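Numbering of ligands and ligand atoms starts at 1, following listing order. Just so we're clear, the structure is a prediction, and the values are computed from it rather than from any experiment.
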Amino acid sequence: MERMEGRLFEVKVGKGRAWKWLYEGSMLLGLLLIWVYRASHVPEAGEKGRWAWTAVFAAELWFGFYWFLTLSVRWNPIYRYTYKDRLSHSFEDELPAIDVFICTTDPTIEPPIVVINTFLSVLAYDYPPEKLNVYLSDDGGSILTFYAMIEASLFAKSWIPFCKKFNVMYMAPSLFFSKSSIPIQEPSFSKWAAMEKLYEEMKSRIEASMKLGDISNEIKAGHEGFTNWSSKTSSNDHHAIIKILIDGRDQNARDFEGFAMPTIVYMAREKHPKYQLNFKAGALNALLRISEQISNGSIILTIDCDMCANNVESIRDALCFFMDEERGHEYAFVQFPQSFENLTKQDLYASSFKMIHKVYFPGLDGLGGPMYTGSCCFHRRDCLNGRKYSELNKIELKRENPKIQETNMITLEERIKNLASCSYEENTQWGKEMGLKYGCPVEDVMTGFSIKCRGWKSAYFSPKREPFLGLAPTTLSQALIQHKRWSEGYFQILLSKFCPFLYGFGKTKLGLQVGYSICCFWAINSIPTLIYIFIPSICLINGIFLFPSVSSLWFMPFAFVMTFSTVFSIWESLLHGLTLKCWWNDTRMWLYKRTTSDLFALVDTILRLLGIIDSTFVITPKVADEEASKRYEKEIMEFGSTSPMFTILCTIAMLNLLCLVGGIIRVIINEGVGYLDQMFLQFLLCGFLIIINFPIFQASFFRNDKGCIPMSTTLSSMAIVIVAYFIPIS
Ligand SMILES: O=c1ccn([C@@H]2O[C@H](COP(=O)(O)OP(=O)(O)O[C@H]3O[C@H](CO)[C@@H](O)[C@H](O)[C@H]3O)[C@@H](O)[C@H]2O)c(=O)[nH]1
Ligand SMILES: [Mn+2]
């Protein structure tokens with residue numbers, strides 16, 4: 001076919017840069033003035049408040065430094081556009097095979113019905129089925145998940161042609177039936193209704209098996225794959241299970257309209273209590289090996305089990321980068337944004353990550369490429385396998401040679417089982433030079449960065465229609481624990497040989513190193529933030545002034561920085577389609593994450609380095625109990641259990657309340673209005689911390705549902721506050 005002139009993608013530079021730099025420049029000036037004020041007004045030795053002054057100064061120095069790091073991603077945001085028509089025109093016959101990797105771990109917190117919705121969604125991509133291969137890694141080794149996959153593979157035979165026929169946009173059946181309205185006219189009406197019935201029936205069979213906790217003998221007799229499970233099989237002790245549920249090359253594997261089917265593979269790698277199997281990174285590496293033997297797709301899409309594909313064009317979008325004749329050979333991966341279907345209107349737990357998608361990623365892309373964030377990312381197989389970039393070595397995507405030798409699937413399954421065994425990776429480069437890197441809770445980011453250090457580029461592509469829809473945490477503790485895992489992972493990267501500045505030195509641009517390092521400092525941010533939250537308030541009741549009085553000229557830089565940074569962040573949120581309330585919730589979560597997740601990440605990382613604790617991967621649950629879900633929908637913050645994180649949050653709220661009341665009493669009884677003038681900023685800070693913590697007061701004193709703050713947490717934080725109050729402060 002004749003090739004059309006022109007590139008397959010285009011890059012545009014963000015607008016309005018001059019204004020932004022004017023703003024950032026004036027912030028710098030403000031910050032410098034604040035530092036000058038601090039340095040020139042340090043209380044003399046022996047004077048009241050010297051220690052507090054020093055601590056606050058240190059915090060402000062840190063904030064300035066951190067703000068400076070964040071400038072890197074504001075430098076040059078870029079936005080990408082693809083030309084899929086050109087791709088089809090020039091390359092339709094040469095499209096490469098795609099292997100999709102889905103990971104799941106535990107059927108109770110990642111219900112099989114969620115997993116198969118993700119699975120079914122990727123089958124509905126607008127892509128030749130014979131070139132599409134879908135692999136599920138089940139780290140739970142669960143017969144229930146396996147059964148659901150069998151059901152879903154059968155259902156797919158109706159679902160795929162249905163999607164094509166009706167141009168279905170919501171590719172996951174659960175989303176499709178909940179979000180689209182059924183056509184009123186025949187014959188579409190009955191076809192939809194029949195499809196919905198088929199889905200509901202499958203769902204209830206899967207849910208019945210979940211309730212039972214097992215599969216009936218009758219069903220077991222229907223598929224030989226079930227013989228892999230016995231009464232002794234448990235999630236952390238079983239042999240490797242590989243089942244090719246549908247072999248796409250088999251002429252008899254057809255959907256109900258007679259079209260070819262994608263290849264579908266189930267894998268549960270071997271588990272043994274003696275082996276530490278490196279969580280998701282280990283699962284992906286096993287998939288890399290076995291898929292190479294089955295379909296050997298040259299492009300790999302990795303997604304989590306709750307991340308449904310939601311845009312039929314995503315594969316083609318990604319290929320526009322990989323197959324571009326001029327630049328395509330430079331790209332190792334294309335990261336798409338991860339959006340969520342279960343967010344509340346005002347995004348109570350700030351899970352939309354909108355600002356990260358709209359600001360941080362385009363910024364990183366402008367610096368040389370975004371990070372790989374584990375899900376929703378297309379990779380070149382070679383790059384994941386450890387290949388170095390070389391200008392001379394243009395990789396031909398179209399040439400792929402599946403390593404299949406057997407025609408009998410059962411012999412093939414048996415032959416490749418050892419690739420998914422516990423001991424296979426011993427004394428190999430897997431997890432080091434090959435595949436996803438081991439030893440870090442954000443294996444994805446570390447792997448992505450090392451790919452970049454091997455000379456590759458990456459792209460961030462955010463199309464109009466959300467490309468993926470996942471499930472965000474629905475309780476406060478889930479959100480905080482998830483953030484803690486990330487914060488811990490990033491901090492670990494900073495302290496490891498993969499530290500962006502060390503590992504990237506000489507291999508990537510400084511701007512990109514700085515851009516990547518922003519998250520690596522999250523854990524450290526907790527300390528200055530806690531200083532700023534506790535010290536000014538404690539000083540307020542103890543009569544120690546930490547800020548200039550309103551009547552002083554030095555007040556100006558503080559007022560300027562506080563006002564303008566707030567106005568700017570509100571403006572930016574509104575610009576990207578968030579509401580004012582979303583911004584407020586976002587600010588609260590920012591505060592909560594910094595004071596709990598980031599702090600715990602810091603402490604745990606240090607303990608791990610000292611060998612006191614082991615690595616873990618706390619999985620984010622994809623289900624919540626019914627009452628908690630109702631509260632989530634009503635945007636009522638969920639506490640419900642005792643946790644050291646909640647104690648910290650509660651203590652912050654109570655302490656600030658006490659300090660504000662104490663401060664006001666001082667104004668009224670002892671000091672008069674002059675105190676207000678001198679303490680204005682401390683009053684302001686304290687007041688802000690009380691208002692933003694409103695949900696905590698409500699959950700401690702005015703709620704009695706199951707999601708409120710347990711009495712013991714309220715009492716213990718009050719006790720801490722009272723002790724703090726009586727500590728003599730000078
Ligand atoms: O031993 C494990 C642990 C986890 N997983 C899978 O990893 C995925 C991510 O786990 P989840 O608990 O959902 O974590 P999230 O915080 O939502 O995941 C984000 O952060 C992770 C890194 O911390 C990345 O790997 C993910 O892609 C990214 O979406 C899920 O599909 C799990 O089934 C495994 O396969 N094996
Ligand atoms: Mn997840």
Handout entry: Pro370 to Phe361 - nearest heavy-atom pair and separation
Key = CB-CD2, 3.4 Å

Practice task
Identify the protein heavy atom lying closest to atom 30 (C) of ligand 1, giving its residue, its atom name and the separation to 0.1 Å.
Solution key: Glu110 OE2, 3.5 Å

Exercise for the section: Say whether Cys103, considering both its backbone and side-chain N or O atoms, lies within less than 3.5 Å of an N or O atom on ligand 1. Expected result: yes

Problem - Ring-ring centroid check Tyr147 Trp229, cutoff 6.0 Å - result: no

Exercise for the section: Could you tell me whether some N/O pair between Thr620 and ligand 1 is separated by less than 3.5 angstrom? Expected result: yes

Exercise for the section: Check whether NZ of the Lys or CZ of the Arg Arg608 lies under 6.0 Å from the centre of the six-membered ring of Phe491 and within 45 degrees of that ring's axis. Expected result: no

Exercise for the section: Heavy-atom contacts with Gly374 under 4.0 Å: which atoms of ligand 1 show up? List them by number with element. Expected result: 27 (O)

Problem - Six-ring centre of Tyr331, Arg380 cation under 6.0 angstrom, axis tolerance 45° - result: no

Exercise for the section: For Gln338, take its heavy atoms, then give the atoms of ligand 1 lying under 4.0 Å from any of them. Expected result: 29 (O)

Exercise for the section: Can you sort out which atoms of ligand 1 are near Asp444, meaning under 4.0 Å from one of its heavy atoms? Expected result: 21 (C), 22 (C), 24 (C), 25 (O)

Problem - Salt-bridge criterion met for Asp444 and Lys280 (N-O under 4.0 Å) - result: no

Practice task
Name the closest protein heavy atom to atom 9 (C) of ligand 1, giving the residue it belongs to and the distance to 0.1 Å.
Solution key: Asp304 OD2, 3.5 Å

Exercise for the section: Report yes or no: does Cys305 have a heavy atom closer than 4.0 Å to ligand 1? Expected result: yes

Exercise for the section: Compute the centroid of each ring, for Trp486 and then for Phe353, and state whether the two points are separated by less than 6.0 Å. Expected result: yes

Fill in the blank from the handout: If we number the atoms of ligand 1 from 1 as shown, the ones under 4.0 Å from a heavy atom of Thr104 are 33 (O), 35 (O)

Problem - Proximity of Phe177 and Tyr170 rings by center, below 6.0 Å - result: no

Practice task
Check the pair Thr373 / Gln335 against side-chain hydrogen bond (donor to acceptor under 3.5 Å, both in side chains), numbers first and verdict last.
Solution key: CA-CA 8 Å; Thr373 56; Gln335 176 70 54; 3.1 Å; yes

Practice task
Give the atoms of ligand 1, by number and element, whose distance to some non-hydrogen atom of Gln482 is under 4.0 Å.
Solution key: 15 (P), 16 (O), 17 (O)

Problem - Residues Lys354, Asp347: salt bridge by 4.0 Å N-O rule - result: no

Problem - Residue selection (non-hydrogen contact nearest atom 19 (C) of ligand 1) among Phe617, Trp486, Phe101, Tyr490 - result: Trp486

Handout entry: Proximity of Lys280 to ligand 1 by residue part, where a heavy atom lies under 4.0 Å
Key = both

Handout entry: Pro441 to ligand 1, any heavy atom closer than 4.0 Å
Key = yes

Exercise for the section: Indicate, as side chain, backbone, both or neither, the part of Met307 found under 4.0 angstrom from ligand 1 when only non-hydrogen atoms are considered. Expected result: neither

Practice task
Check each atom of ligand 1 against the heavy atoms of Thr105 and keep those under 4.0 Å away; list them by number with element.
Solution key: 2 (C), 3 (C), 4 (C), 5 (N), 6 (C), 32 (C), 33 (O), 34 (C), 35 (O), 36 (N)

Handout entry: NZ/NE/NH1/NH2 to OD/OE distance under 4.0 Å, Lys179 and Glu341
Key = no

Handout entry: Presence of salt bridge, Lys593 and Asp598, under 4.0 angstrom
Key = no

Problem - Nitrogen or oxygen of Asp306 less than 3.5 angstrom from that of ligand 1 - result: no

Problem - Mode of Asp139 contact toward ligand 1 - side chain, backbone, both, neither (heavy atoms, under 4.0 Å) - result: side chain

Fill in the blank from the handout: Note: ligand 1 atoms sitting under 4.0 Å from heavy atoms of Phe279 are 1 (O), 2 (C), 36 (N)

Problem - Residue part near ligand 1, for Thr373, under 4.0 Å between non-hydrogen atoms - result: backbone

Exercise for the section: Could you tell me whether Arg289 and Glu425 make a salt bridge, using a distance below 4.0 angstrom between a side-chain N and a carboxylate O? Expected result: yes

Practice task
Give the numbers and elements of all ligand 1 atoms closer than 4.0 Å to a heavy atom of Lys622.
Solution key: 11 (P), 12 (O), 13 (O)

Fill in the blank from the handout: re atom 21 (C) of ligand 1, the protein heavy-atom contact at minimum distance is Arg485 NH1, 3.6 Å

